[in-house]
Amino acid sequence: MVRANGAVSLRELARVVQTSEVTVRRDVRALEAEGLLDRRHGGAVLPGGFTRESGFPQKSHLATAEKTAIADLAANLVEEGEAIVVGAGTTTQELARRLARVPGLTVVTNSLLVAQALAHANRVEVVMTGGTLRGSNYALVGSGAEQSLHGLRVSRAFLSGSGLTAERGLSTSNMLSASVDRALVQAAAEVVVLADHTKLGTDTMFQTVPTDLITRLVTDEPPAHDDRAATELQALADQGVQIAVAGGQGGSAGSAGPGGDAVPARQQRRDVPLPGPRRQVPGGGGGLRSTSMLGEQGPGPGAERARVADLRRR
């Protein structure tokens with residue numbers, strides 16, 4: 001499966017071979033010892049280390065259920081008439097498919113896949129950057145893409161990447177992609193990172209968004225006994241990143257929205273806004289932003305630590 005797709009999640013492997021993730025994890029360790037693959041958080045990839053980047057066909061087969069749940073949750077953050085930027089990636093492509101239903105939306109993107117997903121949405125305006133086409137992920141990169149973003153200002157950016165750690169933030173394996181993502185961040189008042197659990201704790205070559213500039217992380221419920229993911233989520237929360245967790249196996253988590261209002265099943269989410277230092281908005285002319293989004297208030301650090309401890313126990 002790794003040879004065919006370039007990457008695979010432990011959850012998907014366990015489903016296909018009809019065994020437990022514990023058994024799959026043990027077998028993956030044995031295969032890594034033989035040099036046949038490299039373990040990654042929550043999955044495995046072809047050998048290659050920091051410099052290797054899977055292409056779109058490989059990425060599209062990894063953690064598909066998780067990406068769907070994340071996209072459902074992230075779409076609830078977008079309001080009618082808003083202007084946003086959406087970066088390249090398979091998770092952001094899933095988000096774009098859901099944004100087609102938001103009236104009056106303006107989406108700026110360097111991704112052909114995002115633009116294609118919104119091409120027939122008659123109430124959504126799509127603005128594409130310039131640049132050079134990078135075929136491996138169908139994204140526009142280079143100086144043309146970066147220059148087209150100069151002077152742009154939108155409410156928030158939705159970005160994905162190859163890895164996410166509390167120490168370095170969001171990162172990717174390609175220098176050109178990283179440079180464009182930084183330009184997208186400069187254009188936004190708030191930054192929302194979309195990353196499934198397989199990317200938590202993974203570090204790659206080029207930093208795109210440092211942790212102190214990430215407003216919110218939308219992720220999925222880590223598998224049981226995944227201490228690494230739980231530890232990373234806690235570390236991110238301790239640094240003031242708001243955590244929104246979609247339910248495991250592609251479902252939803254949580255039963256109430258901000259302020260305690262009931263949320264329909266399709267829109268349920270678990271938000272953990274935590275206090276943190278106020279941050280300088282890149283290119284914002286000296287303005288400050290706090291870690292809260294849309295004025296939402298949620299449980300404090302104690303509640304988040306209890307939730308993460310519960311994840312560890314399970």
Side-chain angles (χ1 to χ4, degrees), residues 6-7 45-46 48-60 62 67 74 83-97 99 105-119 124-165 168-195 199 202-211 213-215 281-285:
V45 299
L46 290 174
F50 277 98
T51 58
R52 183 180 183 87
E53 181 185 32
S54 301
F56 172 77
Q58 291 78 29
K59 291 179 181 178
S60 63
L62 182 61
K67 291 173 183 176
I84 62 174
V85 294
V86 179
T90 52
T91 311
T92 52
Q93 180 189 24
E94 287 296 324
L95 171 63
R97 289 171 177 153
L99 296 181
L105 187 65
T106 300
V107 177
V108 181
T109 185
N110 69 318
S111 169
L112 297 186
L113 297 175
V114 169
Q116 182 184 42
L118 295 168
V124 177
E125 181 179 3
V126 179
V127 179
M128 294 207 67
T129 68
T132 302
L133 178 62
R134 187 165 176 264
S136 62
N137 64 346
Y138 300 94
L140 297 171
V141 297
S143 60
E146 295 171 39
Q147 290 171 10
S148 66
L149 293 166
H150 287 171
L152 180 70
R153 196 63 176 163
V154 298
S155 58
R156 60 181 70 102
F158 291 86
L159 298 176
S160 187
S162 302
L164 177 65
T165 66
R168 290 187 70 220
L170 190 66
S171 62
T172 187
S173 302
N174 182 266
M175 181 171 63
L176 293 175
S177 296
S179 186
V180 175
D181 281 353
R182 292 188 199 107
L184 292 172
V185 170
Q186 292 288 329
E190 298 175 332
V191 178
V192 181
V193 170
L194 312 182
K199 297 176 182 178
T202 298
D203 197 7
T204 52
M205 285 188 70
F206 301 99
Q207 183 192 57
T208 56
V209 190
T211 306
L213 290 182
I214 299 174
T215 307
V281 177

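- Of all the heavy atoms in V85 and A157, the pair that sits closest is CG2-CB, 3.1 Å.
- Between R153 and Q186, the shortest heavy-atom contact is NH1-O, 3.3 Å.
- If you take CG on L176 and CG on D181, they are separated by 11.0 Å, rounding to the nearest 0.5 Å.
- S179 meets the side chain to side chain donor-acceptor pair (under 3.5 Å) test with E146; sequence neighbours excluded.
- Using a 4.5 Å heavy-atom threshold, the side chains of I84 and V192 count as separate.
- The minimum heavy-atom distance between L112 and M128, with the atom names listed, is CD2-CE, 3.5 Å.
- Between R182 and T208, the closest heavy-atom pair is CG-O, 3.4 Å.
- The two residues A83 and V154 make their nearest non-hydrogen contact at O-CB, 3.2 Å.
- Considering every non-hydrogen atom in both S111 and A88, the closest pair reads CB-CA, 3.7 Å.
- Atom OG1 in T92 sits 9.5 Å away from atom CG in N137 (nearest 0.5 Å).
- Residues V108 and L152 meet the side-chain proximity criterion, which asks for heavy atoms closer than 4.5 Å.
- Using a 4.5 Å heavy-atom threshold, the side chains of L184 and L149 count as touching.
- Side chain of S171 to backbone of M205: no donor-acceptor contact under 3.5 angstrom is found.
- The distance from the CD atom of Q207 to the CG atom of L213 is 8.5 Å, given to the nearest 0.5 Å.
- Atom OH of Y138 and atom CG of L113 lie 7.0 Å apart (nearest 0.5 Å).
- For the pair T202 and S162, the minimum side-chain heavy-atom distance is 4.5 Å or more.
- Contact annotation: the side chain of L99 never approaches that of V124 to less than 4.5 Å [non-hydrogen atoms, C-beta and beyond].
- With sequence neighbours excluded, the residues satisfying salt bridge (Lys or Arg N to Asp or Glu O under 4.0 Å) with R97 are E94.
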Under the side-chain contact (heavy atoms from CB on, under 4.5 Å) rule, what do V180 and L140 come out as? Steps first, then yes or no, please.
-> CA-CA 8 Å; V180 175; L140 297 171; over 6 Å; no
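- Side-chain contact annotation: S160 with K67, donor-acceptor N/O pair under 3.5 Å absent.
- Between the side chains of R134 and S177, at least one donor N or O sits under 3.5 Å from an acceptor N or O.
- Distance alone, capped at 3.5 Å, places no donor-acceptor pair between the T172 side chain and the A178 backbone.
- Without hydrogens or angle criteria, T129 side chain to S148 main chain gives no donor-acceptor distance under 3.5 Å.
- A distance-only check finds no donor-acceptor pair linking the side chain of T106 to the backbone of E125 [under 3.5 Å].
- Here the CG-OG1 distance, from L164 to T204, works out to 10.0 Å after rounding to the nearest 0.5 Å.
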